[in-house]
Enquirer: 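Once you've had a glance at the structure underneath, I'll fire off some questions.
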Amino acid sequence: MKRKILSILLAGALLLQAGGTPLFSARAVDDEPAAQEEEIAVPAQSISIYPGELWMRAGEQSQLTASVLPEDATDAVSWSSDNAAVCSVSADGTVTAAGDGSATVTAQAGDISAVCTVHVGLSAPQQLSIVVDDRQYAALSWDAVTGCDGYRISRRAAETDDWQDVETLTGTSWTDTTMTAQSGWQYAVRAYKLRDSQTDDAETLWSAYTSAQVPVFEPAPEVTAPVKPAAPVLGSAEALDSGSIRITWNAVSGASGYRVYRQGGERWQLLRIIKNPSTTSYTDAAVEPGTSYTYTVRAFSRSGRQILLSDFDETGVSATTATLPIPNLNRVTSSAYDRLTVSWYEVRKAEGYVIYRRTGEETAWTQLATVTGGAVTSYTDTSVTCGQTYSYTVAAYNTVNGTAYYSAYNQTGLSGTALPAAPVLKSAVSASATSITLSWGTVDGASGYRMYRRTSTSEAWVCIGDLTGATRSSYTNTGLTTGQRYYYTVAAICILSDGTIVKGPHDPNGISGTPTAAPYSNVYATYSTSYNASQANRTTNLNVACKTMNGTVLKPGQTFSFNKTLGVRSADKGYKPATIFTGSTGTAQELGGGICQVASTLFNAALLANNTIVERHQHSQKVSYCPVGRDAGIYYGSKDFQFKNNTNYNIKIKSWISGGTLTVQLLTTEQVKPPAVTLTVTKSGSTYTLKRSVDGKVNYTTKSTY
């Protein structure tokens, strides 16, 4: 009782009944009491959703219920859908179906969640097939529909007729034994999903019809005795430059394919089965250099499970392989400004390779180098000049009884030009609101670099300039549009002695960047008030409140609450006792006293920003730090100051005190300004009326009576 009487005395009023019994009289104050009872948070331990699965039609709504344990858990339940095109979910768990498909709805409480699978619509059966069986009945079959409870079969004589339901079943096949199949008749299947006990209930989900027409019945053909195919007529066996042998023959009418044989000793050995009857050649690559081989071919056909083989040419056709095949050239690549690498494919039985080079089609091939090892398939030429084109070819060799044998070589060869390597792109970063700095790694042998730019990946690269100097590794592109994405790539260049510029390759994908303004550099609205810095406790409270509020970002449509942001004003947060108003004339000392000035300064900044004022209260007495009628009183638990970000931009609150001045700024990243605001305060008796106008129209009014 002593504590309660003391609190009432501080509030400024205590009435006594006869006998000394106190009668309490409540009086509003401007700042919160010294201490508040804290609510204990109880985290959610489990959550479940009922029902766990929903089947809906587009446009329908259904209610989901989330059960959270323990029952006194303080974590709020939030709802979300992973596919808004299928369904959305409101804050109370109401699901609204939008379009066909499946989505997952999640209920979240704290760190735990549960899900419900929502299906909108029902897929129609696919791959409907109708076969007329030996009894001349229509036999239907179709693919199963996931999630359905069954199917309904309908039929009609013509497209102009209505569908007549004939059967309901759960399987995926059905034969109509009630009538003989008739060409031109149509059958249809649709799937259904029960949402009540009856198939034809109004709640049952039905898919679309999938229909097919009865095919014309064709009797089985008469079976004739199988006849083996004719023997193929052999063409030739030809040794190829690749070291393999190609065999040819004529096509055989009625054949299903061919069997190729190679003679091994006194017997023919099956080499390959060819199942394409139009194929009339085969290349045998499993041969040895300088060896003679003989081949023959048989045709085959199928009769049920029986395979019929033709006769064959017992003499066959023969050919002798080359000593070594010509190496197949792969490519010539430039790995740097002073080197070219020629590569080829490995040749069986080769012991090494000879590399030849020339500088023009009219010049002779000159032996450049010899490499040993049959598995070696590349050679790098380091005696080249940047910008010069060279052609290369390769011959293989092996040794038989001490004598070296060389293959022929490709007379045309492959060409390449020594070029500086492609620079490695590092970054493209915003240097300002209208410029991007591009950086890359330097390239050996480069005399400079050529920059390219485009504004989309579908455009061609456009040269934007050259930089001379081998060590140049960055370039700042100016005069750009803020917020526009730009793509860049770089090629190294070599400047020859005659002034010719040789350009190397570039990264075809490039790298991108967007010029942007510095984040939250634009002052959207600002307001300052003065305070007495000699009042140490009050100054401390202003500083703590400003620092707590500083940095808060409001997204478009979001509302700021002063009390929610600052919370209970307590000693452990750094608040000190300072003067607060008690009624129309009194004062008292409480923790956090004076921070109404922070709320009032923020109120004026929000007024100038043309933000929506959601909640504002006057003080019980006039204040000196802002115009009369433009103050905002706060008291934790009963009086709050709230405003809503009604712009299309994020707004960041910046607040601080310095040298007797308290300042609140509302900042944006975009370089924008609010409309011109006019603030007027008129007085009528003891009432002050504040009005805010934009373009002559009043959009906010509040009154203060002192």
Enquirer: Closest approach of Ile355 and Val342, non-hydrogen atoms and distance?
Expert: CG2-CG1, 4.3 Å
Enquirer: Quick check for you: to the nearest 0.5 Å, what is the distance between Leu271 atom CG and Tyr261 atom OH?
Expert: 10.5 Å
Enquirer: Determine whether the side chains of Ser383 and Arg357 contain a donor N or O and an acceptor N or O closer than 3.5 Å.
Expert: yes
Enquirer: Ignoring hydrogens and angles, state whether a donor on the side chain of Ser415 or Ser391 is under 3.5 Å from an acceptor on the partner side chain.
Expert: yes
Enquirer: Using a distance-only test with no angle check, is there a side-chain donor-acceptor pair under 3.5 angstrom linking Thr399 and Glu351?
Expert: yes
Enquirer: Just by modelled atom types, is the Thr168 backbone N or O under 3.5 Å from a matching donor or acceptor in the Arg152 side chain?
Expert: no
Enquirer: Check whether any side-chain heavy atom of Val502 sits under 4.5 Å from a side-chain heavy atom of Leu496, and report yes or no.
Expert: yes
Enquirer: Between Ser458 and Ser456, does any side-chain donor sit less than 3.5 Å from a side-chain acceptor?
Expert: yes
Enquirer: Is any side-chain heavy atom of Val317 closer than 4.5 Å to a side-chain heavy atom of Trp249?
Expert: no
Enquirer: With the side chain counted from C-beta on, respond yes when Pro232 and Asn250 share a heavy-atom pair under 4.5 Å apart, and no when they do not.
Expert: yes
Enquirer: Testing the basics here: between Pro327 and Ala408, what is the closest heavy-atom pair and its distance to 0.1 Å?
Expert: CD-O, 3.9 Å
Enquirer: Take a 6.0 Å sphere around CG of Asp165 and say whether it holds more than 12 heavy atoms from other residues, nucleotides or ligands.
Expert: yes
Enquirer: Taking salt bridge (charged side-chain N to carboxylate O under 4.0 Å, His left out) as the cut-off, I'd like each qualifying pair that reaches into residues 281-292, sequence neighbours left out, listed once.
Expert: Arg262-Asp284, Glu288-Arg348, Glu288-Lys349
Enquirer: When rounded to the nearest 0.5 angstrom, what distance separates OH in Tyr452 from CG in Asp507?
Expert: 13.0 Å
Enquirer: For residues Ala336 and Ser334, report the shortest heavy-atom separation together with the two atoms involved.
Expert: O-OG, 3.0 Å
Enquirer: Between Tyr151 and Trp174, does the ring centroid distance fall short of 6.0 Å?
Expert: no
Enquirer: What I want to check is whether the side chains of Ser439 and Ser427 have a donor and an acceptor closer together than 3.5 Å.
Expert: yes
Enquirer: Could you tell me whether the side chains of Arg339 and Thr382 share a donor-acceptor contact shorter than 3.5 Å?
Expert: no
Enquirer: Are there more than 12 heavy atoms of other residues, nucleotides or ligands under 6.0 Å from atom CD of Glu159?
Expert: no
Enquirer: Quick one: OG1 on Thr457 to CZ on Arg485, what's the gap to the nearest 0.5 Å?
Expert: 11.0 Å
Enquirer: Do the ring planes of Trp268 and Phe312 sit parallel (below 30°), tilted (30 to 60°) or perpendicular (above 60°)?
Expert: perpendicular
Enquirer: Using atom types as modelled and distance alone, determine if a side-chain donor or acceptor of Ser81 lies under 3.5 Å from a backbone N or O of Cys87.
Expert: yes
Enquirer: From the options Ile493, Asp466, Thr468, Val443, select the one residue that forms a side-chain contact (heavy atoms from CB on, under 4.5 Å) with Tyr449.
Expert: Val443
Enquirer: Knowing that exactly one of Thr199, Thr204, Leu194 qualifies, which makes a side-chain contact (heavy atoms from CB on, under 4.5 Å) with Asp149?
Expert: Leu194
Enquirer: If I compare all heavy atoms of Lys193 with all of Leu122, which pair ends up nearest, and what's the gap?
Expert: N-CD2, 3.7 Å
Enquirer: What orientation do Trp365 and Tyr409 show, parallel under 30°, tilted 30 to 60°, or perpendicular over 60°?
Expert: perpendicular
Enquirer: Are any side-chain N or O atoms of Thr393 and backbone N or O atoms of Gln411, one a donor and one an acceptor, separated by less than 3.5 Å?
Expert: no
Enquirer: Does any donor atom in the side chain of Asp381 or Tyr390 lie under 3.5 Å from an acceptor atom in the other side chain?
Expert: no
Enquirer: Looking at Trp55, does the NZ or CZ of Arg195 lie under 6.0 angstrom from its six-membered ring centre and within 45 degrees of the ring axis?
Expert: no
Enquirer: Does either side chain, that of Thr380 or that of Thr341, offer a donor lying less than 3.5 Å from an acceptor on the other one?
Expert: yes
Enquirer: Using side-chain heavy atoms (C-beta onward) and a distance below 4.5 Å, is Val252 in contact with Tyr258?
Expert: yes
Enquirer: Which value, rounded to the nearest 0.5 Å, describes the distance between Gln306 atom CD and Lys228 atom NZ?
Expert: 12.0 Å
Enquirer: Would you name the heavy atoms of Ala428 and Leu438 that are closest together and state the gap between them?
Expert: CB-CD1, 4.2 Å
Enquirer: Grab the two heavy atoms, one from Asp313 and one from Thr315, that are nearest each other, plus how far apart they are.
Expert: OD1-N, 2.9 Å
Enquirer: Let me know which of Thr280, Asn276, Ile274 forms a side-chain contact (heavy atoms from CB on, under 4.5 Å) with Ser278.
Expert: Asn276
Enquirer: Count the heavy atoms of every other residue, nucleotide or ligand shown that sit under 6.0 Å from CZ of Arg302, and state whether that count exceeds 12.
Expert: no
